[in-house]
Protein chains: 2
Amino acid sequence: MINGRFAISIHILTLLSMEEGLSSDYIASSININPVLVRKEVSRLRKAGLVDTKEGKNGGAFLSCSPRKITLADVYKATYEKPLFNHSKNEPNPRCPMGKRIGEIMDEVNEAAEAALLKKLSGISIEKFRSQL
Amino acid sequence: MINGRFAISIHILTLLSMEEGLSSDYIASSININPVLVRKEVSRLRKAGLVDTKEGKNGGAFLSCSPRKITLADVYKATYEKPLFNHSKNEPNPRCPMGKRIGEIMDEVNEAAEAALLKKLSGISIEKFRSQL
DNA sequence: TGTACTGTAATAATAAAAGTTACAGAAATG
DNA sequence: CATTTCTGTAACTTTTATTATTACAGTACA
C-alpha cells in the first residue's frame with residue numbers, strides 16, 4: 001500500500017545493529033534488491049542522522065547510535081516526506097462547499113493519523129528486532 | 001503516499017451526508033474525477049455496508065446509516081485491503097537471519113500500526129465533516 | 001418506449017516505484 | 001602511487017500501480 005522503503009530501511013538498520021560496516025552489496029543481497037537502492041536509502045538515513053557511512057575501500061554503513069535509541073518513528077520520518085493519505089491531484093470543484101473544504105479536511109485527517117501512527121512507532125526500536133534474530 | 005481512494009470516499013460520504021441520491025456524475029464533478037471511478041468507489045462502500053444505491057432513472061447513492069455512525073475507520077477498512085506497509089516483492093535472502101525474519105517483522109509492524117491508526121480514525125465521523133460545511 | 005441512471009468489463013494513459021548502468025571520487029593497501 | 005574496493009549520484013529504463021476513458025448491458029421511472 002505504501003512503497004517498500006520503510007521495510008527496506010528497517011532491514012538495513014537491523015542488519016547494521018548486528019554487524020557494522022556492511023557494504024551496500026552485502027546488504028542488497030540480503031534484501032534481494034539492487035545495491036544502488038540500498039545506497040539511496042542509506043543516504044536518506046544518513047541525512048536523518050541514523051547512520052554514518054565511510055567511503056572508499058572497506059567502507060560501509062554504521063549505526064550512529066544505539067539500536068535501542070532508533071525507533072520506527074525515526075525511521076518513518078526519515079523515509080517519508082509526503083502526507084500519509086493523498087488526495088487526488090485534480091483540483092476539486094471550488095464551487096462546491098465540499099470541494100472547497102476537502103483539502104483542509106484531509107490535512108486534519110493526515111495530522112491525526114500520522115500522530116497516532118508515530119506514537120505507536122516510537123515505542124518500537126530496532127533493538128527489538130535485533131534481539132529476535 | 002497512499003493512493004487517493006480514501007480521500008475520494010470521504011468526499012463521497014460527506015456529500016451524501018448533505019444530500020442523498022446524488023448521481024455519480026454529480027459527485028464526480030465535485031471531486032473532479034471520472035464518474036466511473038465514483039461508481040467503483042461507491043460500489044466498494046456499498047459492499048462494506050456504508051451506502052445503498054438505486055439503479056435506473058433518478059437513481060443514485062444514499063448513506064445506509066447516520067453520518068454520526070460512519071467513522072473513518074469504517075471508510076479505511078472499506079477502502080484498503082492490503083497491509084499499510086509493503087515489503088518488497090522480492091523474496092529476501094533466506095540464508096540471512098534477517099532475510100528469513102523480515103516478513104514476520106513487517107507483519108508485526110503492520111498490525112501495530114494499523115491498530116493505532118484505526119483506533120484514531122474510529123474517533124472521527126463523517127458527521128464531523130458535514131457539520132463543518 | 002425513451003431517458004437517465006448504475007454496474008462492470010476492457011482498455012488506454014499517466015504516474016510512481018524499482019531497477020540498471022555508468023562513472024567520479026574516497027580511502028585502504030600493497 | 002597505482003590498484004582495488006567501496007560510496008555518491010545522475011541519468012535512464014523497466015515495471016507496476018493508479019487513474020481515466022470508452023462502451024454497453026441492465027434497471028427504473030415517466
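Sequence lines set the chain letters: A, B, ... in the order given, protein chains first and strands last, and positions in each chain run from 1.
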> Contact class for Asn90(A) (heavy atom, under 4.0 Å): base, sugar-phosphate, or nothing?
Replying inline: sugar-phosphate

>> What's Val36(B) touching, base or sugar-phosphate or nothing? Going by heavy atoms closer than 4.0 Å.
In response: base

Side chain of [X] (C-beta onward), nearest among [options]:
X        : options                 : value
Arg46(A) : dA17(C), dT9(D), dT8(C) : dT9(D)
Asn34(A) : dT7(D), dC5(C), dT21(C) : dT21(C)
Arg39(A) : dT21(C), dG8(D), dT6(C) : dG8(D)

For [X] and [N], give me the distance from atom [atom1] to atom [atom2], rounded to whole Å.
X        : N       : atom1 : atom2 : value
Asn3(A)  : dA17(D) : CG    : P     : 12 Å
Leu45(A) : dT7(D)  : CG    : C1'   : 15 Å
Leu37(A) : dG8(D)  : CG    : C1'   : 14 Å
Lys47(B) : dT8(C)  : NZ    : C1'   : 9 Å
Glu20(A) : dT7(D)  : CD    : P     : 14 Å
Arg5(A)  : dT16(D) : CZ    : P     : 19 Å
Glu41(B) : dG7(C)  : CD    : P     : 13 Å

> Toward the 5' end of DNA chain D, which comes first, Lys40(A) or Ala61(A), by nearest nucleotide?
Replying inline: Ala61(A)

>> For Leu13(B), run the side chain to side chain contact (heavy atoms under 4.5 Å, CB included) check against Asp74(B), Leu45(B), Val42(B), Ile8(B) and tell me which one passes.
In response: Leu45(B)

Check: [X] side chain, [Y] main-chain N or O, donor-acceptor pair, under 3.5 Å:
X         : Y        : answer
Asn110(A) : Leu84(A) : yes
Asn32(B)  : Asn90(A) : no
Glu127(B) : Ser66(B) : no
Thr14(B)  : His11(B) : no
Ser64(B)  : Asp52(B) : no

> Which angle, rounded to 10°, do you find between the first-five-pair axis and the last-five-pair axis of the helix from dT1(C)-dA30(D) to dG30(C)-dC1(D)?
Replying inline: 10°

> So, Thr79(B) and Arg5(B): side-chain donor and acceptor under 3.5 Å apart, yes or no?
Replying inline: no

> In residues 98-107 of chain B, which residues come under 4.0 Å of DNA chain D by heavy atom?
Replying inline: none

> Of Asp25(B) and Ile33(A), whose nearest nucleotide on DNA chain C comes first from the 5' end?
Replying inline: Asp25(B)

> Does Gly4(A) or Val42(B) map to a spot on DNA chain C nearer the 5' end, using the closest nucleotide for each?
Replying inline: Val42(B)

Drop me the distance from [X]'s [atom1] to [Y]'s [atom2], to the nearest 0.5 angstrom.
X         : Y        : atom1 : atom2 : result
Met106(B) : Ile10(A) : CE    : CD1   : 4.5 Å
Ile27(B)  : Glu41(B) : CD1   : CD    : 11.0 Å
Ser24(A)  : Lys40(A) : OG    : NZ    : 12.5 Å

>> Testing the basics here: between Tyr80(A) and Asn3(A), what is the closest heavy-atom pair and its distance to 0.1 Å?
In response: OH-O, 3.0 Å

>> Angle between ring planes, Phe6(A) versus Phe85(B), binned at 30° and 60°: parallel, tilted or perpendicular?
In response: tilted

>> Using a 4.0 Å heavy-atom cut-off to protein, can you give one letter per nucleotide of nucleotides 24-30 of chain C, 5' to 3': B if the base is in contact, S if only the sugar-phosphate is, - if neither?
In response: --BBB--

